[in-house]
Amino acid sequence: MKDKIIVVDDELSIATLLKFNLEQAGFIVETAHDGMSGLKLAEKQDAALIVLDLMLPELDGLEVCKRLRQQKINTPILMLTAKDDEFDKVLGLELGADDYLTKPFSPREVVARVKAILRRMNQQVATEETTDGTILIGDVKIVPDNYEAFKAEERLELTPKEFELLVYLAKNKGRVLTRDQLLSAIWNYDFVGDTRIVDVHISHVREKIEPNTKKPIYIKTIRGLGYKMEEPKVE
């Protein structure tokens with residue numbers, strides 16, 4: 001069965017071009033040209049991924065992303081922005097976007113990025129289907145086979161990328177992982193040295209598992225290197 005992609009962009013020429021190239025790559029594509037229409041389409045369609053422009057009429061991409069995540073719709077989101085503004089990129093990631101591309105870009109670049117995101121998700125599912133066992137670290141329990149994680153028996157609401165990051169850190173407990181290693185493992189491509197996406201997702205995961213994000217006991221920052229997940233010390 002073909003994966004369905006939703007493209008939300010108010011520039012008709014761009015939406016049409018992306019639709020054509022994604023369909024040529026074997027996807028089913030639905031399009032919308034304003035934020036409200038895109039939101040409604042995403043709410044009712046079982047899509048594999050959403051390509052979402054930042055600047056949209058009615059509702060901008062950030063607001064669409066925020067509302068979807070508030071509704072626990074965790075479909076991966078690739079955000080498009082014409083702004084070369086670090087604030088917009090980081091804010092998009094903080095609201096739950098999985099990745100971003102800055103305009104201008106080639107349609108093939110979008111297709112490649114979409115495939116990379118979906119390939120990583122499919123690899124994660126394939127691994128889970130052949131992996132037996134629950135991961136326990138402190139009072140965090142991860143059940144890869146069910147794509148679930150719990151903190152003190154309370155289910156955590158994680159986006160696909162947050163879940164993959166948590167699983168990868170847990171499976172490498174006690175090992176220092178650089179930001180570049182995490183980019184390669186979780187996003188499955190070289191992010192041209194921009195590791196902010198890793199830091200933002202680490203921050204999201206910490207918010208959901210750490211008793212105090214200012215003094216993390218699970219995911220430690222190793223200054224100048226990266227991150228390490230540890231068994232919390234009992235005091």
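The model shown is predicted, which means the values in this text are computed figures rather than measured ones. No hydrogens, no waters, no symmetry mates; every other heavy atom, side chains included, goes into these values.
- Looking only at distances, no side-chain donor or acceptor of R206 sits under 3.5 Å from a matching main-chain atom of T213.
- The NZ atom of K72 sits 11.5 Å away from the OG1 atom of T159 when rounded to the nearest 0.5 Å.
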### Message
For a side chain to side chain contact (heavy atoms under 4.5 Å, CB included) check, start with the C-alpha distance between I202 and L169, then their side-chain angles and the critical distance, and finish with the verdict.
### Response
CA-CA 10 Å; I202 288 285; L169 288 166; 3.9 Å; yes
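- At distances below 3.5 Å, not a single donor-acceptor pair connects side-chain atoms of R108 with backbone N or O atoms of N21.
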### Message
Apply side chain to side chain contact (heavy atoms under 4.5 Å, CB included) to residues I135 and K141 and explain how you reach the verdict.
### Response
CA-CA 6 Å; I135 303 171; K141 179 171 72 173; over 6 Å; no
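- With hydrogens and angles left out, the side-chain atoms of Y147 and N74 include no donor and acceptor closer than 3.5 Å.
- A donor-acceptor contact shorter than 3.5 Å is absent between the side chain of N146 and the backbone of E148.
- Within the 3.5 Å criterion, the main-chain N or O of G138 finds a donor-acceptor partner in the side chain of E231.
- One N or O on the side chain of K19 and one on the backbone of V29 form a donor-acceptor pair closer than 3.5 Å.
- Nearest approach of D60 to L54, heavy atoms of both residues: CB-O, 3.4 Å.
- Cluster note: F20 groups with no other residue, as no ILVMFWY side-chain heavy atom lies under 4.5 Å from it.
- Atom CD of residue E162 and atom OG of residue S203 lie 9.5 Å apart, to the nearest 0.5 angstrom.
- In this structure, CG on D139 lies 11.0 Å from CD on E154, to the nearest 0.5 angstrom.
- Side-chain atoms of K151 come within 3.5 Å of backbone N or O of I209 as a donor-acceptor pair.
- Between A170 and I142, the shortest heavy-atom contact is CB-CD1, 3.6 Å.
- Pairs passing the ring-ring contact (aromatic ring centres under 6.0 Å, His included) check and including a residue from residues 198-220, sequence neighbours excluded, read W187-H201, H201-H204.
- Within the 4.5 Å cutoff, the side chain of K161 has heavy atoms near those of the I186 side chain.
- In the hydrophobic cluster analysis, where Ile, Leu, Val, Met, Phe, Trp and Tyr join through side-chain heavy atoms closer than 4.5 angstrom, L17 is grouped apart from L49.
- Taking every heavy atom of both residues into account, L52 and L56 meet most closely at CD1-CD1, 3.8 Å.
- Taking OG1 of T31 as the start and CG of L18 as the end, the distance is 10.0 Å to the nearest 0.5 Å.
- A pairwise comparison of heavy atoms in V7 and A15 identifies CG1-CA, 4.3 Å as the closest pair.
- For D3 (side chain) and A48 (main-chain N/O), no donor-acceptor pair under 3.5 Å exists by modelled atom type.
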### Message
With side chain to side chain contact (heavy atoms under 4.5 Å, CB included) as the criterion, how do D99 and M79 come out once you've worked through the C-alpha distance, each side chain's angles and the decisive distance to 0.1 Å?
### Response
CA-CA 6 Å; D99 199 356; M79 188 162 282; over 6 Å; no
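- A 4.5 Å side-chain heavy-atom check between R175 and Q181 finds at least one atom pair inside the cut-off.
- With contacts defined as side-chain heavy-atom distances shorter than 4.5 Å, the pair K103/E11 qualifies.
- When hydrophobic side chains of Ile, Leu, Val, Met, Phe, Trp and Tyr are connected at separations under 4.5 Å, I222 ends up clustered with V176, L225.
- Grouping the Ile, Leu, Val, Met, Phe, Trp and Tyr side chains by contacts below 4.5 angstrom, directly or via other members, places V114 with F105.
- Among all heavy-atom pairs drawn from L166 and M229, the shortest one is CD1-CE, 3.8 Å.
- With rounding to the nearest 0.5 angstrom, the OG1 atom of T81 is 8.5 Å from the CG atom of L62.
- Considering only heavy atoms from C-beta on, D199 comes within 4.5 Å of Y227 through its side chain.
- Residues passing the side-chain contact (heavy atoms from CB on, under 4.5 Å) test with Q70, sequence neighbours excluded: K66, R67.
- Here D34 pairs with S37 under the side chain to side chain donor-acceptor pair (under 3.5 Å) rule; sequence neighbours left out.
- Between the side chain of K228 and the main chain of L177, no donor-acceptor pair closer than 3.5 Å is present.
- Under the 4.5 Å side-chain criterion, counting only non-hydrogen atoms from C-beta, D9 is not in contact with V51.
- Residue V8 comes nearest to G38 through the heavy atom pair CG2-CA, 3.8 Å, listed as atom of the first residue, atom of the second, then distance.
- Interatomic distance, K40 NZ to L59 CG, rounded to the nearest 0.5 Å: 9.5 Å.
- Residues passing the side-chain contact (heavy atoms from CB on, under 4.5 Å) test with T16 are L12, sequence neighbours excluded.
- Side-chain N/O atoms of E43 and Q71 include a donor and acceptor closer than 3.5 Å.
- A heavy-atom distance below 4.5 Å is not found between the side chains of L78 and I50.
- The environment of CG in N212 is crowded: more than 12 heavy-atom neighbours from other residues, nucleotides or ligands sit within 6.0 Å.
- Between I28 and E23 there is no side-chain heavy-atom pair separated by less than 4.5 Å.
- At a threshold of 4.5 Å between non-hydrogen side-chain atoms, the residues L182 and Y168 count as touching.
- Not one N or O on the side chain of E230 forms a donor-acceptor pair closer than 3.5 Å with the backbone of K173.
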